[in-house]
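The analysis underlying the following values was restricted to heavy atoms, covering all of them including side chains, and did not include hydrogens, waters or symmetry mates. Per chain, numbering begins at 1; letters A, B, ... match sequence-line order.
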Number of protein chains: 2
Amino acid sequence: MTVPPTGPRVCVIAGGVGGARFIRGLRSHLDGTGATITVIANTGDDVWLAGLRVCPDLDSIMYTLGGANDEGRGWGRLAESERVSAELDAYGVGWPWFTLGDLDLGTHIARSSLLRDGLTLTEATRRLCARWDLGVDLLPVTDDDVETHVEILDPLDGAVRTIHFEEWWVRHRAAVPARRFVQKGIASAQATPEAITAVLHADVVLVAPSNPVVSIGTALAIPGMADAVRATAAPVVGLSPIIGGRAVRGMAEACLAAIGVEATASAVAAHYGARSGGGLLDGWLVDTVDATSASGIEELGLRVRAVPLWMTDVDTTAAMAAAALDLARHPVGDRAR
Amino acid sequence: MTVPPTGPRVCVIAGGVGGARFIRGLRSHLDGTGATITVIANTGDDVWLAGLRVCPDLDSIMYTLGGANDEGRGWGRLAESERVSAELDAYGVGWPWFTLGDLDLGTHIARSSLLRDGLTLTEATRRLCARWDLGVDLLPVTDDDVETHVEILDPLDGAVRTIHFEEWWVRHRAAVPARRFVQKGIASAQATPEAITAVLHADVVLVAPSNPVVSIGTALAIPGMADAVRATAAPVVGLSPIIGGRAVRGMAEACLAAIGVEATASAVAAHYGARSGGGLLDGWLVDTVDATSASGIEELGLRVRAVPLWMTDVDTTAAMAAAALDLARHPVGDRAR
């Protein structure tokens with residue numbers, strides 16, 4: 001018999017590398033408390049490459065929580081090699097600038113095989129995660145193929161072209177301005193029942209300090225997700241991925257520029273919006289350097305708190321998670337407590 | 001403009017490892033003569049494994065002629081590693097007893113990707129071979145999925161079971177008696193136009209010293225192939241894969257036993273039959289140890305010659321190929337020359 005969890009149910013909406021680090025801190029903070037963590041991961045970066053389904057965000061989270069990620073490089077598997085990719089390159093198959101490690105390819109081959117056997121991405125992810133001791137339930141936001149594409153002006157001929165997000169991000173390092181992002185397949189996609197249930201039945205919903213456009217933005221754009229976040233009885237608290245006007249990780253500024261949002265903690269909070277005003281958040285954690293500038297967004301109906309947000313190690317990140325959960329326990333207008 | 005070949009067109013019907021070695025010797029013998037070599041390879045050992053199309057015979061030939069095979073082990077890629085397979089094993093995907101090397105997996109991933117892009121196996125094989133300098137045109141016998149399965153009595157419960165040939169060959173090492181072989185998919189399959197044309201337009205057709213049942217037998221069972229061999233104006237000469245009552249390579253005796261053919265050079269020749277009697281061969285090379293016992297099969301209408309048939313090195317194998325081509329130049333009844 002399965003004993004139902006007795007602790008709070010924490011649901012996290014997250015992207016890849018930054019999301020993974022945050023969840024690792026959250027897991028550390030909640031260790032031994034009986035709390036359960038359900039992670040809803042963005043799948044917009046996913047790509048079929050050489051016939052294999054690559055899910056960068058799901059895998060970053062799985063590897064990081066499984067203790068198998070390359071901490072030095074910040075992504076991918078520890079002790080990785082690239083022998084298979086060199087073969088693909090020699091055969092002229094795949095993207096030469098998108099090198100998949102051998103160990104990582106094991107994950108993609110296994111997942112693709114499970115998908116072709118008829119499993120949903122949710123089921124395949126559970127099968128892959130069973131190998132690791134994650135301590136969280138990892139869910140893709142959707143079982144449908146939704147892929148973020150980027151509209152650019154081709155620097156060679158000035159023509160408008162649409163390329164896969166990974167091509168823009170990895171090959172062009174987001175240096176070619178994005179005109180807009182297009183989520184291919186989103187019209188017929190839907191958030192999974194598991195993801196929606198996790199949001200609706202949560203005691204707390206956290207929005208990880210992930211890319212607000214292509215990670216959190218895409219996850220929330222999947223039909224059903226934003227409605228669930230608006231409808232849940234749980235408080236929803238986000239953590240700013242922007243510190244002092246710069247993205248904590250990656251090239252998120254280029255993504256924000258494409259949608260006309262300033263790269264500040266306040267602008268991102270305003271972009272998400274307050275649930276009291278039809279938006280998505282009840283609370284917003286900013287870094288201490290943004291304390292003064294962010295105080296104005298309380299007028300939106302958001303409870304704001306400033307704490308150190310650099311995820312330098314697990315303990316620091318655990319403290320961030322603790323602050324986010326604490327903020328969630330204190331609803332708007334309950335500032336005195 | 002392509003200059004048409006001026007030398008003889010040699011067509012070889014072959015299985016994997018033994019076939020590859022023979023073709024390497026043939027290529028060496030014909031080097032610089034202007035002759036062209038077209039290889040028609042068995043595809044009955046092929047298998048979809050973890051969503052990847054594995055073609056052992058095509059790859060054995062490609063690697064051996066490309067100089068990339070592991071000579072010590074006798075199969076697979078030189079300097080191979082098995083990191084990806086260990087991952088698949090950890091995820092519980094694939095066959096744990098069928099370990100695919102990392103470099104080899106590069107081939108399978110590339111091929112599967114090309115097939116999913118809509119290429120035929122013939123086209124995909126050409127694309128893969130373009131990387132190597134093979135000196136032969138390598139063709140699968142069919143573009144259709146035809147897979148050899150083996151009917152066995154399960155040693156655990158005595159029930160009749162049908163398993164993939166690779167499971168019988170690799171996992172059980174052919175130690176569980178085969179009741180019969182079943183070519184799944186053969187009814188709706190056909191030999192490719194390229195393979196049939198190669199046989200019909202050849203100046204010489206050679207049957208490599210490969211497994212007479214699951215390699216040559218399966219290739220010739222593909223609808224269209226045996227008819228082409230019977231119809232071609234070219235002489236057809238086979239090389240015995242049995243020397244002194246034992247198979248040169250592998251466990252071919254177990255395959256012959258399943259179809260009720262004695263493991264002798266003569267019995268295999270009789271199994272193939274003489275073209276003059278509706279069979280497939282005009283000539284048959286046996287090893288010198290089988291010279292006396294094989295002389296009786298000349299009555300079938302086969303021209304028989306005995307030469308050393310151990311493929312110990314390239315030069316020895318080149319001499320075998322020379323003897324086969326020489327036999328082809330001397331039709332039945334022309335013994336005095």
Side-chain angles (χ1 to χ4, degrees), chain A residues 47-55 58-59 62-63 66-68 76-96 98-119 123-133, chain B residues 47-55 58-59 62-63 66-68 76-96 98-119 123-133:
Chain A
V47 62
W48 283 104
L49 190 63
L52 302 175
R53 191 62 174 165
V54 179
C55 302
L58 284 169
D59 291 347
M62 186 170 75
Y63 296 156
R77 292 284 300 270
L78 191 66
E80 188 55 288
S81 51
E82 295 173 351
R83 304 194 79 202
V84 179
S85 274
E87 291 297 304
L88 294 181
D89 210 24
Y91 286 125
V93 168
W95 292 339
F98 196 73
T99 303
L100 297 168
D102 296 329
L103 303 179
D104 195 33
L105 268 165
T107 302
H108 308 320
I109 295 170
R111 172 170 39 235
S112 306
S113 176
L114 295 169
L115 293 174
R116 290 198 172 96
D117 285 347
L119 273 68
E123 293 164 342
T125 302
R126 286 222 164 102
R127 278 282 300 276
L128 296 177
C129 288
R131 171 188 170 185
W132 313 90
D133 184 20
Chain B
V47 61
W48 284 105
L49 189 63
L52 301 175
R53 190 61 174 167
V54 180
C55 302
L58 284 168
D59 291 346
M62 185 171 75
Y63 296 156
R77 291 285 299 272
L78 193 65
E80 188 56 289
S81 51
E82 296 174 350
R83 304 195 79 202
V84 179
S85 274
E87 291 296 306
L88 294 181
D89 209 24
Y91 286 126
V93 168
W95 291 339
F98 196 73
T99 303
L100 297 168
D102 296 329
L103 303 179
D104 194 34
L105 268 165
T107 302
H108 309 320
I109 294 170
R111 172 170 40 233
S112 305
S113 176
L114 295 170
L115 292 175
R116 290 199 172 94
D117 285 346
L119 274 67
E123 294 164 342
T125 302
R126 285 222 165 101
R127 278 282 301 275
L128 297 177
C129 288
R131 170 187 172 186
W132 313 89
D133 184 20

Q: Does any heavy atom of chain A fall under 4.5 Å from the side chain of B/Leu114, the backbone, both, or neither of them?
A: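 Only the side chain of B/Leu114 comes within 4.5 Å of chain A.
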
Q: Measuring from B/His108:NE2 to B/Leu100:CG, what's the distance to the nearest 0.5 Å?
A: 5.0 Å

Q: Is it the side chain or the backbone of B/Glu80 that comes within 4.5 Å of chain A heavy atoms, both, or neither?
A: both

Q: Chain B heavy atoms under 4.5 Å from A/Val93: which part of the residue, side chain, backbone, both or neither?
A: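 Just its side chain gets close to chain B.
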
Q: Once rounded to the nearest 0.5 Å, what's the spacing between atom CZ of A/Arg77 and atom CG of A/Asp59?
A: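 Between atom CZ of A/Arg77 and atom CG of A/Asp59 there are 9.5 Å.
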
Q: Determine the minimum heavy-atom distance between B/Gly94 and B/Leu49, stating which atoms define it.
A: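 Taking B/Gly94 first and B/Leu49 second, the nearest heavy atoms are CA-CD1, 4.3 Å.
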
Q: With a 4.5 angstrom heavy-atom cut-off, is it the side chain or the backbone of B/Ser81 that approaches chain A, or both, or neither?
A: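 Both parts, backbone and side chain.
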
Q: Keeping the roles fixed (side chain from A/Asp102, backbone from A/Arg83), state whether a donor-acceptor pair exists under 3.5 Å.
A: yes

Q: So for B/Ala79, is it side chain, backbone, both, or neither that comes closer than 4.5 Å to the heavy atoms of chain A?
A: both

Q: Tell me, side chain or backbone of B/Arg116 under 4.5 Å from chain A's heavy atoms, or both, or neither?
A: side chain

Q: Can you say whether B/Trp48 sits under 4.5 Å from chain A via the side chain, the backbone, both, or neither, judging by heavy atoms?
A: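 Nothing of B/Trp48, per the 4.5 Å heavy-atom cut-off to chain A.
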
Q: Among A/Ala130, A/Ser112, A/Gly106, which residue has the highest count of heavy-atom pairs closer than 4.5 Å to chain B?
A: A/Gly106

Q: What is the minimum heavy-atom distance between B/Ser113 and A/Gly51, and which atoms define it?
A: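 Closest heavy-atom pair between B/Ser113 and A/Gly51: OG-N, 4.2 Å.
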
Q: Using only atom types and a distance under 3.5 Å, with no angle test, would you say the side chain of B/Arg111 pairs donor to acceptor with the backbone of B/Arg53?
A: yes

Q: Chain B: which of A/Leu115, A/Leu52, A/Val84 shares the most heavy-atom pairs with it under 4.5 Å?
A: A/Val84

Q: So do A/Ile109 and B/Tyr91 actually touch side chain to side chain, heavy atoms under 4.5 Å?
A: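 The answer is no, as the side chains (C-beta and beyond) never meet within the 4.5 Å cut-off.
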
Q: Please classify the contact of A/Thr107 with chain B as side chain, backbone, both or neither, using a heavy-atom distance under 4.5 Å.
A: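 Backbone plus side chain of A/Thr107, per the 4.5 Å heavy-atom cut-off to chain B.
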
Q: Looking at A/Gly92, A/Ala90, A/Ser85, which has the largest count of heavy-atom pairs under 4.5 Å with chain B?
A: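 Most heavy-atom pairs under 4.5 Å with chain B: A/Ala90.
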
Q: Please determine, among A/Leu88, A/Asp89, A/Leu103, the option with the most heavy-atom pairs under 4.5 Å with chain B.
A: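 Between A/Leu88, A/Asp89, A/Leu103, the count favours A/Leu103.
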
Q: Which heavy atom in B/Ala68 sits nearest to a heavy atom in B/Trp132, and how many Å separate them?
A: CB-CZ3, 3.3 Å

